[in-house]
Amino acid sequence: MVTLTENKETGTFYPRLLELNNYDEIMQKCITRTVEKLQSQDTSKRPGMLLGKIQSGKTRTFIGVMAYAYDQGFDVVIILTKNSNALAQQTTERLAREFNVLIDNELMRVYDIMKLPDHLKKYALRQKLAFVVKKETKNMDKLRNAFFERYPVLAEKKILFIDDEADLASISFEKDKESEIMELRTIASKIDKMRADLSDSSFLQVTATPYSLYLQPEDMIVHEFKKYEPVRPAFTELVPIHDKYVGGEMYFENSQIDGHMAKFLFEEVTENELDVLKKIDKRRTRGNSLITHKNIRSMRNALVNFLVGGGIRRWQQQQLKQKQRKYSLIVHTERGKGAHAWQELIMSDLEEELRIAAHENQPIFQELMEEAYSNVLRSLTTIDIIIPSFEEVVELVKEALIEEEVTISIVNSEKDVDRLLDETGQLRLDSPFNIFIGGQILDRGVTIDNLIGFFYGRNPKQFQQDTVLQHSRMYGARPLEDVAVTRFYTTQHIWNIMNKIHEFDTALREAFERGGHEQGIIFIQKDLANKIVPCSPNKIMLSQLTVLKPHKRILPVGFNTKSRTAIEKTVNQISQLLVDAEKKSALRDESNFTISVELAKEILTLAHSTVEMEDGYAWEISEYYSILDYLTKEVDQNPESLIWVVRRENRNIKRKDDNNKYENSPDTPKGERGELTVARRLSTDIPALIMLCQNGLVENGWRGAKFWWPVLIVPKNITTTIYSKKTTN
């Protein structure tokens, strides 16, 4: 046993933790500032906030806060976890590992509150204590009993509450008494009562989804376009993001960069296939074998790509004399156990058919391998790393199938999780290739290592920001080599919503970082009288969300034109309206001119009538009307509600890019005369509308008809605004 002595200047707990953890200087400053603010500011009513990103090292940070807090006079730390046995076990065992030397030296003890010994002696109560408590009624009741009945001396100590994964979204607004959220309201009241009855306590919330905490409006009458003043934490400390972190920026922003690996990570799943996977219906999978059946194409691709990608990574590790890792794939589409059993049956049958095809060297196995190898190479070749030959990969996958190196597990209950946990509280990877099929239990903080495949299909009527972000298991500290073989399978609709959620998340984080949340964030919606009014943030439906921020581009994507004969007259009408408007415009800049909001709406309506949207894509013209009203009527420098127009003609852009993705950048950003550059120069205080006349050539994937493609540019001088055309009841 290592013997420890206290240094009066630096303490005992924090210096020891620094020896074990590679906290850089930025992280250390975050930890010490957090504790100093907890001591200097009153957090009895307004808690402090430790704000991180999904799977970005928040636990590692708050453990550092614990250690420093112990050295600064705190006696007890109560860690409130989600209502999950796995997470409680994971947290308890991690604390025991991190503080093992201090525990061995009888300086500290860690307890799961539900496993608290019946008779603690004064000797134990004099040590630093940590209690892990699930946010669940029995856990909270046992905590209260321990402090106020069995060991009242605890209630007199200096106590720090750390609310892990704290998020109060909808607590004040949820009406369904049978919902899980109402249980959270009960727990919140128990926590508040506990804190009120303690003589000396501080409260720290740790979360990646803090929006309701900052944005929840006060009970006050709100007039048109006034900001909500948030109920804010007493202070906010941002958890530093390390250079290995992979989050929404990778999946949604970098995917727009030509040549970037992120461009190849998203694999579209059809709505029909999600329906097939919902419940047992063998009529929809009968006939052909599963490895050729069209109704489960994406599930099949997910399995084969997973084996190829994981096989390549294990080969690379072997070549580099590194330990070969085990890899994981998650299937998370439904909550029901029946769906999980059906998906497990499909995946198991797929694996068996692939095993037979591999063993017999069937042509279909070769075809699937060629397709998967080509798919993975598109992203893998964007980084500098050795790559095995196709023949080598075929042998690797054959071996994995024939030697049964694939494990498929259903995880849809706490019992399943408990059975599958390893000694560290993480889901155990039993084989080189591990497939987990489950529902909500998979997003409750359970750690799944080396995830390179994520088949996601949760498609509720209302997407909640905190819930969907917690589903994003592909976020976290990950080697780029693993990211290069990662694939994310979902529908275009869900992908678009997750993109919006990332945009929302980014906009609010930027506000937090620059202190903008202190002034509030503007939320707007359309009311029944067709006016734009502020709305309560808790009511926002994320599927109906648009973030308005400086110089953002807003444009329709994922469409084709109607036939030439059907739209030719309308296209010519738009052209004439623009010609006439240019002649009448009182405000001009070279070939660019201004038009009224009313004319802009008319032009957009005509353009909208010429196209047909593909599945998973939408162009809600009413949303454009509302945004235009907001962007023009609320700007003092634009009393006449004018909009700049940047017009370009004779364009020949392809409908889809080289990766078979719908084109989303018809505007040219390069050069001083590029329309995007010009539009952003003009749109300082008022918006700009780029109108691009495309020739719509058949060889470019169109229907041989000219059409106008509008791109709306948000003004530079605008406060970040969250617009929602619909809200919850």
Side-chain angles (χ1 to χ4, degrees), residues 1-23 27-28 31-32 34-35 38 50 57-81 84-134 139 142-143 145-147 150-151 153-164 201-202 204 206 418 421-426 445 447:
M1 181 179 74
V2 179
T3 302
L4 299 177
T5 56
E6 181 177 2
N7 184 313
K8 293 183 178 180
E9 293 184 1
T10 61
T12 302
F13 288 77
Y14 189 55
R16 178 59 185 170
L17 202 65
L18 288 179
E19 293 177 13
L20 301 174
N21 289 279
N22 186 26
Y23 290 122
M27 179 66 79
Q28 290 184 47
I31 290 169
T32 56
T34 300
V35 175
L38 284 169
L50 195 59
K58 298 185 299 297
T59 303
R60 181 170 176 263
T61 307
F62 81 62
I63 288 175
V65 168
M66 283 180 62
Y68 193 69
Y70 284 139
D71 285 334
Q72 297 303 310
F74 285 88
D75 303 301
V76 179
V77 175
I78 298 171
I79 300 175
L80 304 168
T81 74
S84 163
N85 292 337
L87 186 56
Q89 178 183 338
Q90 194 177 100
T91 304
T92 303
E93 292 178 350
R94 181 163 181 176
L95 293 178
R97 290 196 311 274
E98 297 275 0
F99 293 106
N100 68 319
V101 173
L102 296 145
I103 294 171
D104 288 344
N105 279 267
E106 302 289 346
L107 296 174
M108 176 185 178
R109 297 198 178 191
V110 177
Y111 297 108
D112 180 328
I113 193 64
M114 299 305 289
K115 299 176 183 178
L116 187 66
D118 291 334
H119 303 288
L120 286 179
K121 302 297 183 181
K122 290 181 179 179
Y123 177 70
L125 295 173
R126 286 199 301 268
Q127 298 176 33
K128 301 292 187 181
L129 300 173
F131 297 102
V132 178
V133 183
K134 288 191 299 182
N139 274 251
K142 186 150 187 178
L143 177 69
N145 176 270
F147 274 69
R150 294 170 63 186
Y151 309 114
V153 66
L154 292 176
E156 304 302 318
K157 292 180 177 291
K158 188 175 179 64
I159 298 168
L160 171 61
F161 285 86
I162 297 180
D163 189 357
D164 188 20
S201 70
S202 297
L204 179 68
V206 183
D418 291 343
L421 290 180
D422 63 16
E423 66 280 358
T424 68
Q426 301 185 30
T447 301

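Reckoned from all heavy atoms, side chains included, excluding hydrogens, waters and symmetry mates.
A donor-acceptor distance shorter than 3.5 angstrom exists from the side chain of Arg150 to the backbone of Asp118, with no hydrogens or angles considered. Judged purely by atom type and a 3.5 angstrom limit, Lys128 uses its side chain to pair as donor or acceptor with the backbone of Phe74. Asp112 places a side-chain N or O within donor-acceptor distance of the main-chain N or O of Met114, the cut-off being under 3.5 Å. A donor-acceptor contact shorter than 3.5 Å links the side chain of Asp71 to the backbone of Phe13. Listed for the Lys157 side chain is a donor-acceptor partner under 3.5 Å among the backbone atoms of Leu125.
A distance of 9.0 Å separates CD of Gln72 from OG1 of Thr32, quoted to the nearest 0.5 Å. Within the model, atoms CG of Leu160 and OG1 of Thr34 stand 10.5 Å from one another, a figure rounded to the nearest 0.5 Å. The line from CG of Asn145 to CD1 of Ile113 is 8.5 Å long, rounded to the nearest 0.5 Å. Rounding to the nearest 0.5 Å gives a distance of 11.0 Å between NZ of Lys142 and NZ of Lys115. Once rounded to the nearest 0.5 Å, the distance linking CD of Glu98 with CZ of Arg16 reads 11.0 Å. Separation of atoms CG (Leu95) and CG (Asn100) is listed at 11.5 Å; rounding is to 0.5 Å.
Scanning both residues, Ala88 and Val132, for their nearest heavy atoms gives O-CG1, 3.9 Å. The two atoms that bring Gly64 and Tyr23 nearest to each other are N-OH, 3.6 Å, heavy atoms only.
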Walk me through it: do Lys122 and Val153 pass the test side-chain contact (heavy atoms from CB on, under 4.5 Å)?
CA-CA 9 Å; Lys122 290 181 179 179; Val153 66; over 6 Å; no
Checking Thr91 against Thr59 for the side-chain contact (heavy atoms from CB on, under 4.5 Å) test, could you report, in this order, the C-alpha distance in whole Å, the side-chain angles of both residues, the deciding distance, and whether it holds?
CA-CA 8 Å; Thr91 304; Thr59 303; 5.8 Å; no
Test log, rule side-chain contact (heavy atoms from CB on, under 4.5 Å), inputs Ile63 and Phe99
CA-CA 9 Å; Ile63 288 175; Phe99 293 106; 3.9 Å; yes
Report the C-alpha separation of Leu129 and Leu154 in whole Å, then their side-chain angles, then the decisive distance to 0.1 Å, and conclude whether the side-chain contact (heavy atoms from CB on, under 4.5 Å) test is met.
CA-CA 10 Å; Leu129 300 173; Leu154 292 176; 3.5 Å; yes
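Side-chain contact between Arg94 and Arg60: present, with at least one pair of heavy atoms (C-beta onward) separated by less than 4.5 Å. At a threshold of 4.5 Å between non-hydrogen side-chain atoms, the residues Leu17 and Tyr70 do not count as touching. Looking at heavy atoms from C-beta onward, Asn139 lies out of side-chain contact with Leu143 at the 4.5 angstrom threshold. Looking only at side-chain heavy atoms (C-beta outward), Val110 and Ile103 come within less than 4.5 Å of each other. Using a 4.5 Å heavy-atom cutoff, the side chains of Val206 and Val65 are not in contact. The side-chain heavy atoms of Leu116 and Tyr151, taken from C-beta on, include a pair separated by under 4.5 Å. Counting heavy atoms from C-beta on, the side chains of Ile79 and Met66 come closer than 4.5 Å.
Ring geometry for Tyr68 against Tyr14 counts as perpendicular: the plane angle is over 60°, on a 0 to 90° scale with 30° as the lower cut.
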